Amino acid sequence: MGINIIKGRMDYINDCEDILLNSELGLRYFSEKGSARRALEDGFNKKEIYVALDINHNCNGFIWFIIEGAFHSFPYLHIIAVKKENRKLGIGKKLLEFFEDICFRDYTKLFLVVADFNTDAKILYEKIGYIEIGIIPSLYREGITECLMMKLKEEKI
């Protein structure tokens, strides 16, 4: 599947909202009516969201990262989500590679948190070089533990 990743525009908000609300992440963190849309509006307005488009310009996923969102010093991957019917096709991996390619130009460390219920995502992050550096109980939601992960830039020899 040919995927092109571009800077998100507000005309993709409906697709991104649908993708988010049809994910475990959306169900657990954005259950209040309108909360996903409000959050996405903020991300689009701050120009922090990128969308993954197929050859027909359909939105198949998105990534939201904040350049100095971790400790006001390092890039932080805030949300990544892929359209339900297109999961397991490598779109999430392409979005992660995009994030890393952009951020490792100027930064040596990248950060994200992954929820304890999202074991598949944690396994993927570990496979591509993220390491667990801490556990934060009830960070965003009571009863959900977040795993703080970091990836270091590989030095070229």
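This chain uses plain numbering: 1 for the first residue, then up along the sequence. Quick caveat, the model's predicted, so the values are computed rather than measured.
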Problem set entry | Check: L110 and Y76 side chains under 4.5 Å, non-hydrogen atoms | no
Problem set entry | Check: E100 and R105 side chains under 4.5 Å, non-hydrogen atoms | no
For this session: Measure from the side-chain N and O atoms of N45 to the backbone N and O of E41, and report whether any donor-acceptor pair falls under 3.5 Å.
Result: yes
Seminar exercise, completed: Quick note, salt bridge (charged side-chain N to carboxylate O under 4.0 Å, His left out) partners involving residues 125-139, not counting sequence neighbours, are K122-E126, K122-E132
Problem set entry | ring pair (Phe, Tyr, Trp, His ring centres under 6.0 Å) contacts in which one or both residues fall within residues 2-52, not counting sequence neighbours | Y50-F65, Y50-F98
Problem set entry | Closest non-hydrogen atom pair, L95 against G61 | CD1-C, 4.2 Å
For this session: Of all the heavy-atom pairs spanning L21 and A36, show the shortest one and how long it is.
Result: CD2-CB, 3.8 Å
Exercise. Checking K7 side chain against K47 main chain: does a donor-acceptor pair fall under 3.5 Å?
Worked result: yes
Exercise. Can we say K46 and D42 salt-bridge, meaning some charged N sits less than 4.0 Å from an Asp/Glu carboxylate O?
Worked result: yes
Exercise. For residues 111-132, which residue pairs qualify under ring pair (Phe, Tyr, Trp, His ring centres under 6.0 Å), counting only residues two or more places apart or in two chains?
Worked result: F71-F111, F74-F111, Y125-Y130
Seminar exercise, completed: With K94 as partner, the option from N60, I3, L89 fulfilling side-chain contact (heavy atoms from CB on, under 4.5 Å) is I3
Seminar exercise, completed: Distance col, row E146:CD vs I135:CD1, nearest 0.5 angstrom, shows 9.5 Å
Problem set entry | Heavy-atom closest pair, residues C103 and I67 | SG-CD1, 4.1 Å
Exercise. Are the side chain of D116 and the backbone N or O of T145 linked by a donor-acceptor pair below 3.5 Å?
Worked result: yes
For this session: Kindly give the heavy-atom pair with the smallest separation between G43 and W64, and that separation in Å.
Result: CA-CZ2, 3.4 Å
Seminar exercise, completed: All heavy atoms of R87 vs all of V82, minimum pair found to be NE-O, 2.9 Å
Problem set entry | Close side-chain approach of I79 to F62, heavy-atom, < 4.5 Å | yes
For this session: Check for a donor-acceptor pair, side chain of K153 on one end and backbone N or O of K109 on the other, with a separation under 3.5 Å.
Result: no
Seminar exercise, completed: Rounding to 0.5 Å, atoms CG (L40) and CE (M10) come to a distance of 9.0 Å
Exercise. Is there a donor in the side chain of E68 and an acceptor in the side chain of Y107, or the other way round, less than 3.5 Å apart?
Worked result: yes
Exercise. Going by atom types only, do N22 and D18 share a side-chain donor-acceptor pair under 3.5 Å?
Worked result: yes
Exercise. Any idea which heavy atoms bring C59 and L53 closest together, and the distance?
Worked result: CA-CD2, 3.7 Å
For this session: Return yes when atom CD of E142 has more than 12 non-hydrogen atoms of other residues, nucleotides or ligands closer than 6.0 Å, and no otherwise.
Result: no
For this session: Report yes if some heavy atom in the side chain of H57 is under 4.5 Å from a heavy atom in the side chain of N4; otherwise report no.
Result: no
Exercise. Can I5 and V51 be said to form a side chain to side chain contact (heavy atoms under 4.5 Å, CB included), step by step?
Worked result: CA-CA 5 Å; I5 300 170; V51 294; over 6 Å; no
Exercise. Within the distance-only criterion (no hydrogens, no angle test), does the side chain of N86 pair as donor or acceptor with the backbone N or O of K84 below 3.5 angstrom?
Worked result: no
Problem set entry | Stepwise side chain to side chain contact (heavy atoms under 4.5 Å, CB included) check, L25 with L20 | CA-CA 7 Å; L25 187 73; L20 183 55; 4.0 Å; yes
Exercise. Quick one: CZ on R28 to OG on S23, what's the gap to the nearest 0.5 Å?
Worked result: 11.0 Å
Problem set entry | Expected output: side-chain D54 to main-chain N56 donor-acceptor under 3.5 Å | yes
